[in-house]
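Report on the following structure.
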Amino acid sequence: MKKFLKTLLIFIVPLILIIVYAEITLREIPTTYEFKRKSFETQLQDIEILILGNSQSFGGVNPEYLTNYGFNLSNNSQTLYYDAEITQKYLPEMPKLKCVLINISYFSFWHIMEDSHEPWRKNFYYYYWDIKPEETPAKFINKISNLSLYSPKEVLKLIFSSENQVDFFEVYKNNGWAVNDTTRNYKINKEEAQDRISLFAKQYIHEKRLEQNYNTIEKLLSSLNKKGITPVFFSTPLPRVFSSMIPPDILMANDKILDDLCNKYNCKYYDYSNDERFINADFIDVNHLNFVGAEKFSRIINNEILLLKTADKK
Amino acid sequence: MLFNSIDFAIFVPLVFLLYWFVLNKNLKAQNFFLVFASYIFYGWWDWRFLSLIIFSSLVDFLVGLGLAKEENIRKRKLLLIISIFINIGFLGFFKYYNFFLDSFVDAFSFFGKTINGSSLNIILPVGISFYTFQTLSYSIDVYNRKLEPTKDIMSFFAFVSFFPQLVAGPIERAKNLLPQFYVKRDFDYSKAVDGLRQILWGLFKKIVIADNCATYANNIFTNYTDLSGSTLLLGAIFFAFQIYGDFSGYSDIAIGTSRLFGFNLMRNFAFPYFSRDIAEFWRRWHISLSSWFRDYVYFPLGGSRGGLWMKIRNTFIIFVVSGFWHGANWTFIVWGFINAVYFLPLMLFNKNRVNTNVVAEGKLLPSFKEFFQIGFTFFITTLAWVFFRSDSIESAFNYLNKMFMLSLFSIPSVHPRSLIVLIFVFLIVEWLQRDKQHALEIDNIKIPRIMKWSLYYSIIMIIYIFGGAQQAFIYFQF
């Protein structure tokens with residue numbers, strides 16, 4: 001028995017050392033989740049406008065161009081569940097919060113994180129934000145181990161290559177906004193749009209999620225209403241080549257849901273997806289604004305939504 | 001808890017240390033501890049399932065005691081019937097109630113009559129198909145006076161609930177496993193080390209082969225209407241490796257874990273995909289189940305005695321019932337029936353016991369004839385697996401129909417190179433070790449320790465790299 005335990009220990013030691021090395025190395029790697037949480041938490045007391053949503057609003061709304069103090073809490077592939085959970089978690093700590101802008105992409109009501117091609121993000125929300133996954137049981141290991149957050153291929157890439165960030169944009173602002181640089185390659189054409197629509201159709205469109213997401217958003221709206229905070233739904237601008245391919249039946253279903261929610265909770269929906277003020281040069285790809293488009297859009301939001309609301313209130 | 005989980009990786013060492021270091025001196029305490037640990041393992045899924053296994057164990061223990069005292073044939077039969085009724089009753093209710101109800105309703109609607117049957121929302125207790133058969137074998141063996149009933153309740157409960165084999169076998173016989181609880185277990189270094197190797201190989205089969213094949217098999221079976229015949233054939237092959245890797249991997253982990261505690265479980269898989277005919281395949285696939293049906297269904301029905309028609313009837317019965325055991329769906333029954341049809345010609349021409357040795361024994365490569373035989377046997381079992389995997393008989397036929405179109409000769413639209421390479425390497429390793437109990441049994445191979453350890457580290461690395469696509473063990477649903 002002693003020989004067995006001794007041999008086993010000697011065998012396991014190199015594995016443990018590798019695991020420890022990997023954990024330490026991965027802990028040093030910056031992620032949007034960590035950065036976002038840290039910058040968000042330091043500004044809670046001052047935030048008046050909160051922007052929620054996925055990558056479209058993450059790179060599409062720059063709080064720098066808002067009159068009021070804003071923070072962009074959007075993130076890549078962030079779903080309505082995480083929008084709602086993070087907001088409700090920090091609501092008591094945001095005394096100055098006046099308005100919450102909720103980005104609605106055409107697929108927002110139709111999927112949850114576990115449906116997407118990036119379900120690993122749910123582990124990051126659990127690790128960094130302490131938000132449990134919506135459907136799959138929370139694993140304790142995801143709360144304590146960085147190694148468990150990444151796929152094995154990602155781990156090897158992060159440890160052995162010069163790529164030492166996760167989901168980090170080249171320029172990242174303290175207000176939560178991500179800069180989509182126009183000098184990067186982009187293709188705004190029919191083929192790209194078709195590919196993106198097909199991908200979303202496979203991964204993001206599930207009718208069974210409509211009710212679930214409706215309930216999620218309703219809970220958020222109810223919490224906001226109780227605190228006298230104004231919720232506003234909006235959709236970011238899209239290149240014509242992409243918006244013309246969105247299935248009409250999905251848009252109709254979305255309109256019905258949003259009408260219902262807006263009537264119930266006295267809020268509005270601003271749909272900029274076909275806004276003619278935006279041209280191809282404002283986009284980095286078929287469904288994301290670049291930093292030029294983001295400035296334009298942020299100013300529009302400020303003037304057409306936020307200042308109007310302030311005027312209404314007065 | 002799953003074998004390939006952190007929970008199990010923490011559970012086993014804890015149990016191991018307490019078992020060998022704290023409780024080693026007291027056999028009764030050690031057995032009690034095994035029961036306790038096994039119930040924790042089982043209750044980890046759902047603590048409510050514990051009442052069922054405890055009740056089933058108690059019934060069969062008491063039936064055994066009753067059979068020990070009772071000499072009256074009628075009363076002995078009654079005791080046996082009680083055991084069968086309780087065990088098969090539980091199994092029938094939890095597993096087959098909704099199936100029988102739906103089939104009944106469908107049969108009536110076929111004749112134009114509508115009846116309302118309300119199906120129940122029944123949760124299938126994990127492992128029920130396995131432990132009920134295990135306890136039944138005890139009652140039947142005691143009734144047939146092939147086994148002395150035990151008066152040691154703790155040993156009996158440990159025999160039923162022994163955690164490595166509780167939820168997906170091997171389905172142990174009391175004759176083999178129960179006596180191992182009566183005697184002090186001595187720690188054997190080489191057995192324990194080989195047990196760890198077997199666990200490692202089981203994890204490789206499950207995590208690398210089965211789970212990765214499952215990703216493609218699931219996708220292909222779900223979208224089969226849009227895919228070419230060659231892709232569908234590949235999908236069926238992926239499923240063949242998925243179910244083999246999954247189930248034999250689990251068995252390897254179960255057997256390897258048992259050896260850490262000084263127990264020897266029966267072998268459950270003996271490299272079945274190297275079989276030269278279907279009879280050999282069924283001697284090598286899920287051995288504990290097929291031998292159970294042979295001993296407790298086929299032989300009592302008369303076996304091969306009583307003429308040709310009885311032989312044919314009994315053969316079909318055990319294959320169909322064996323298929324039905326796998327699940328409450330007509331597809332499993334059809335799968336069993338197909339295997340009976342495969343088996344029939346061999347039986348009729350007395351060729352079912354021709355290939356009983358290891359294929360190409362002592363040689364590196366099979367002969368051309370053996371290669372063809374292996375390929376053909378694999379092909380026909382793969383075709384049968386389509387029924388096993390499909391949701392309905394209709395979709396299975398549609399799948400096969402689509403597979404055998406001209407597009408069978410086109411290049412598959414799905415061809416994951418790294419997985420295909422892994423499967424080939426896996427087959428080569430299993431082929432080279434086909435005369436061993438498991439593919440990593442390398443005690444007798446004289447190579448330096450550093451090389452052995454490099455091999456183990458490489459396997460661990462491969463498991464880690466290819467371990468992203470976690471899937472449930474298929475046989476947990478049975």
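In what follows, every chain begins at residue 1, and chains take the letters A, B, ... in the order their sequences are listed.
Identified by a heavy-atom distance below 4.5 Å to chain B, the contributing residues of residues 4-27 of chain A are A:Phe4, A:Leu5, A:Thr7, A:Leu8, A:Ile10, A:Phe11, A:Pro14, A:Leu15, in residue-number order.
Note: A:Phe124 and A:Tyr150 meet the aromatic proximity criterion, with ring centroids under 6.0 Å apart. Less than 6.0 angstrom separates the ring centroid of B:Phe263 from the ring centroid of B:Phe181.
Qualifying salt bridge (charged side-chain N to carboxylate O under 4.0 Å, His left out) partners for A:Asp249, counting only residues two or more places apart in sequence or in other chains: none. Remark: A:Lys38 pairs with A:Glu34 by the side chain to side chain contact (heavy atoms under 4.5 Å, CB included) rule, at least two apart or across chains. When the side chain to side chain donor-acceptor pair (under 3.5 Å) test is applied to A:Asp115, the partners found at least two apart in sequence or on another chain are A:Arg209.
Screening B:Tyr19, B:Tyr42, B:Phe11 for a ring pair (Phe, Tyr, Trp, His ring centres under 6.0 Å) involving B:Phe163 leaves a single residue, B:Phe11.
Heavy-atom distances place no part of B:Ile10 under 4.5 Å from chain A, backbone and side chain included.
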